[in-house]
Amino acid sequence: MKTSPKLSGRTVKRACEFGRTYVVRPKGKHQATVVWLHGLGDNGSSWSQLLETLPLPNIKWICPTAPTQPISIFGGFPSTAWFDVGELSEDAPDDLEGLDASAAHVANLLSTEPADIKLGVGGFSMGAATALYSATCFALGKYENGNLYPSNLSAVVGLSGWLPCAKTLGNKLERVEEAARRIASLPILLCHGRGDDVVPFKFGEKSSKALTSAGFRDLMFKAYNGLGHYTIPEEMDEVCSWLTSKLALEGCSS
């Protein structure tokens, strides 16, 4: 039996407690802060360890851990996840409440950064989906629930992911006057392995096309032959050079 989310005239929000956040401090002059989001079942620690090894001394990385919640694709078994997912298909309904909560968490983590610091969001798999959803919230100027989106994003990276709400994005953006300007100024890097057996390559490819047709002009889509659902040094090298260029960082340390 399903219970209504509205009890005695007030909406009861889903409990959403985020896990531990790991921070990698810049080794050089702090020029940019990027929130990086892990994949389903992972945590912020594993990515913070990898990001610390990258030759990007001017970036501060914030690696939060998603809430532990029942996941439909696992038959309700709990896992760390940015939102619920029932199936990986283009017709599966999006968990808008979960996406909004995670995008708001990202914006909140960025909200205390100094005014002169460029802000970005990136992620892997489900984390990439959340990063791309954050990009659409930035473009629209609001979340799906109508609350204003406060962060000014300068770069978005998605590895082995997909775009939530892809089918309705174009129509939503057309109705927002400021969206065209925001879209034009936001660079996006998408990378996907052709051998991905978890999030199929066609999802990444279609997400790239959906973003481009919605007006995101500064978008790069990189395909990797033989790459499965993981990352490789060649891909991270691409992320490093792209971020250095798009965020106008002062240079790499060797």
Side-chain angles (χ1 to χ4, degrees), residues 16-39 42-45 47-48 50-52 54 56-67 80-83 97-124 126-159 161 163-164 178-179 181-183 185-190 211 216 218 239-240 242-250:
C16 205
E17 194 172 323
F18 290 87
R20 183 175 166 191
T21 298
Y22 299 81
V23 176
V24 179
R25 308 223 165 262
K27 297 172 180 69
K29 181 186 175 187
H30 182 196
Q31 292 179 286
T33 296
V34 179
V35 172
W36 191 271
L37 305 168
H38 62 75
D42 202 359
N43 60 61
S45 172
W47 275 98
S48 71
L50 171 63
L51 296 168
E52 188 149 25
L54 300 182
L56 292 168
N58 307 114
I59 293 183
K60 172 185 174 182
W61 299 97
I62 302 177
C63 303
T65 299
T80 51
W82 300 109
F83 52 91
E97 189 186 348
L99 282 160
D100 272 355
S102 289
H105 187 61
V106 170
N108 188 47
L109 290 169
L110 291 170
S111 66
T112 53
E113 293 303 294
D116 60 336
I117 298 299
K118 290 176 180 170
L119 307 177
V121 57
F124 175 79
M126 178 183 260
T130 308
L132 291 177
Y133 183 74
S134 297
T136 63
C137 291
F138 163 69
L140 291 164
K142 62 182 180 181
Y143 303 99
E144 184 67 29
N145 62 19
N147 292 344
L148 293 181
Y149 185 81
S151 295
N152 186 25
L153 299 179
S154 295
V156 177
V157 178
L159 310 183
L163 173 66
E178 278 288 285
R181 182 185 60 79
R182 294 193 197 107
I183 289 170
S185 69
L186 182 62
I188 299 177
L189 171 66
L190 300 180
L211 286 163
F216 288 89
D218 190 354
V239 171
C240 287
W242 186 87
L243 283 172
T244 299
S245 164
K246 296 300 178 183
L247 295 175
L249 302 178
E250 280 179 6

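- The shortest side-chain heavy-atom distance between Leu189 and Lys246 does not fall under the 4.5 Å cut-off.
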Item to check | Full working for side-chain contact (heavy atoms from CB on, under 4.5 Å) between Leu50 and Trp61 | outcome: CA-CA 11 Å; Leu50 171 63; Trp61 299 97; over 6 Å; no
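- The shortest non-hydrogen separation linking Leu186 to Ala135 is CD2-CB, 3.9 Å.
- The distance from the CZ atom of Arg182 to the CG atom of Leu140 is 8.0 Å, given to the nearest 0.5 Å.
- Taking both residues in full, the closest heavy atoms of Cys137 and Ala103 are given as SG-CB, 4.5 Å, listed atom of the first, atom of the second, then distance.
- A donor-acceptor pair is defined here as one N or O able to donate and one able to accept, closer than 3.5 Å; such a pair exists between the side chain of Ser102 and the backbone of Trp82.
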Checklist entry - Given the rule in the side-chain contact (heavy atoms from CB on, under 4.5 Å) test, do Thr33 and Leu109 qualify, once you have shown the distances and angles that lead to the verdict? => result CA-CA 10 Å; Thr33 296; Leu109 290 169; over 6 Å; no
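- With a 4.5 Å cut-off on side-chain heavy atoms, Val121 and Thr130 do not count as touching.
- Under the 3.5 Å distance criterion, the side-chain polar atoms of Thr65 are left unmatched by any main-chain donor or acceptor of Asn43.
- Shortest non-hydrogen contact noted between Ala129 and Pro164 is O-CD, 3.4 Å.
- Remark: Ile188 CD1 to Leu211 CG distance equals 5.0 Å, nearest 0.5 Å.
- Nearest heavy atom pair, residue Val156 against residue Trp242, reads O-CH2, 3.6 Å.
- Summarising the geometry of Leu51 relative to Cys63, their closest heavy-atom pair is CD1-SG, 3.6 Å, with the distance given to 0.1 Å.
- Here the OG1 atom belonging to Thr112 is positioned 6.5 Å from the CD1 atom belonging to Ile62, to the nearest 0.5 angstrom.
- Closest heavy-atom contact between Met126 and Phe83: CE-O, 3.1 Å.
- Considering CG of Leu99 and OH of Tyr143, their distance stands at 12.0 Å, rounded to 0.5 Å.
- Of the possible polar contacts, one joining the Lys27 side chain to the Glu52 backbone as a donor-acceptor pair under 3.5 Å is found.
- Summarising the geometry, atom CG belonging to Asp42 is positioned 6.5 Å from atom OG1 belonging to Thr80; distances are rounded to the nearest 0.5 Å.
- The aromatic rings of Trp47 and Phe124 are tilted relative to each other, their planes meeting at an angle between 30° and 60°.
- More than 12 heavy atoms of other residues, nucleotides or ligands sit less than 6.0 Å from atom NZ of Lys60.
- Of the possible donor and acceptor atoms, none in the side chain of Asn58 sits under 3.5 Å from a partner among the backbone N and O of Gln31.
- The backbone N or O of Leu247 sits less than 3.5 Å from a side-chain atom of Lys118, completing a donor-acceptor pair.
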Checklist entry - Going through the checks in order, is the side-chain contact (heavy atoms from CB on, under 4.5 Å) test met by Ser134 and Tyr149? => result CA-CA 9 Å; Ser134 297; Tyr149 185 81; 4.1 Å; yes
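- Here the straight-line distance linking atom OH of Tyr133 with atom CG of Leu37 works out to 14.0 Å at 0.5 Å rounding.
- Here the side chain of His38 pairs a donor or acceptor atom with the backbone of Ala66 at under 3.5 angstrom.
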Next on the checklist: Could you walk me through whether Leu159 and Val239 satisfy the side-chain contact (heavy atoms from CB on, under 4.5 Å) test, starting with their C-alpha distance in whole Å, then the side-chain angles of each, then the deciding distance to 0.1 Å, before giving a yes or no?
Outcome noted: CA-CA 9 Å; Leu159 310 183; Val239 171; 4.0 Å; yes
